[in-house]
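Indexing begins at 1, ligand by ligand and atom by atom, following the structure's order. The structure presented is a predicted model; accordingly, all values stated were derived computationally and were not measured.
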Amino acid sequence: MGSVGAKEIPELLNAEGRRIDGRRLDELRPISMKVGPLTRADGSAFVEWGENKVMAAVYGPREVHPRHLMQTSKAIIQCRYNMAAFSVDERKRPGQDRRSQEISKVITEAFESVVFTEEFPKTSIDIYIEVLQANAGTRCAGLVAASLALADAGIPMADLVASVAVGKVAGRIALDLKKEEDNFGEADMPLALVPQSGRLVLIQMEGHMNRDEIREALDLGTKGCREIYERMRQALRTRYEVPAGAPAPEAMA
Ligand code: UDP
């Protein structure tokens, strides 16, 4: 442990190349995804990722509110990312602040590039992301949950959006930062990828990395997104697979 002023800085990387929670630099935190836990939403998903717990609910396509936002040629996507007051160590003031507005905006833009909005003119697709417990990477967990919830709602999309943050910790490029790494590391770069096209639909960065480090971070982050993508597809298969021996759908009519 080192210290800056009164703050203790934990050892972020040990001599064996292990991180604060024992992970290697290219390892994700444990992740579990459940599709469809909410019965009143058109689509939903719950994601537990490290110590993050995030619920997403999707409604629509439905009537636009407020009505002046309606577009005659396509659906609009409205996303609200919200962090519960009890989700963080120091109670957060309830309600939307600048950070949650920014996150809602970048997530909306990420989905605008995959959802076939022109199929549903004059409607709204509403995405609610509720962070119940936070430990860094909540916008990525929110994107993953919302992507699964959109698929669960049957919204036509070019592909799922997968997301993970990558950053720089103790001088090395690391995948999927947790809170201490986000707080005491040198950089944090959340990414979102449309895996089939290889297109990045979200990239943000806080901190400092040089050109080579950014390149390495993009490679590692892209690999991480592809790993997440496989987990997302598995979660959807688990939700929709027909158990062996179950009657065929036509036999149930
Ligand atoms: N955080 C907090 N209070 C806040 C906002 C954030 O304690 O008001 C914590 C929370 O654990 C969050 C982390 O700081 O996950 C990193 O926040 P950041 O803005 O980088 O977004 P995130 O990494 O969650 O997408």
How far is atom 3 (N) of ligand 1 from its nearest protein heavy atom, and which residue and atom name does that atom have? Val88 CG1, 3.8 Å
Among non-hydrogen protein atoms, atom 17 (O) of ligand 1 lies closest to Arg99 NH2, 3.6 Å
Only heavy atoms of Ala134, strictly under 4.0 Å: list the atoms of ligand 1 that pass. 10 (C), 11 (O), 15 (O)
For atom 12 (C) of ligand 1, the closest protein heavy atom turns out to be Ala136 N, 3.8 Å
Starting from atom 14 (O) of ligand 1, what is the nearest protein heavy atom, named by residue and atom, and what distance separates them? Lys179 CE, 3.7 Å
Who are the salt bridge (charged side-chain N to carboxylate O under 4.0 Å, His left out) partners of Asp212, not counting sequence neighbours? Arg215
Can you tell me the protein heavy atom closest to atom 8 (O) of ligand 1 and the distance? Lys92 CG, 4.0 Å
Met83 near ligand 1, heavy-atom distance under 4.0 Å? yes
Evaluating non-hydrogen atoms only, which member of Thr138, Asp89, Asn135, Val54 is closest to atom 24 (O) of ligand 1? Thr138
Filtering Gln133, Arg139, Glu102 for the heavy atom nearest atom 18 (P) of ligand 1 leaves Arg139
Residue that, paired with Val58, satisfies side chain to side chain contact (heavy atoms under 4.5 Å, CB included) out of Asp126, Leu38, Leu148, Leu150: Leu150
Among Glu216, His208, Glu213, the one residue meeting side chain to side chain contact (heavy atoms under 4.5 Å, CB included) with Lys168: Glu213
If you scan protein heavy atoms around atom 16 (C) of ligand 1, the nearest is Asp182 OD2, 3.1 Å
Could you work out, with salt bridge (charged side-chain N to carboxylate O under 4.0 Å, His left out) as the rule, every residue matching Glu112, not counting sequence neighbours? none
Among Gln101, Arg99, Lys105, which residue meets the side chain to side chain donor-acceptor pair (under 3.5 Å) test with Tyr81? Arg99
Who's the nearest protein heavy-atom neighbour of atom 23 (O) of ligand 1, and how far? Gly137 N, 2.8 Å
In terms of side-chain heavy atoms, does Asp219 have a donor or acceptor partner in Thr222 at a distance below 3.5 Å? no
Rounded to the nearest 0.5 Å, what separates atom CG in Asp188 from atom CG in Asp182? 4.5 Å
More than 12 heavy atoms of other groups within 6.0 Å of Arg24 CZ: no
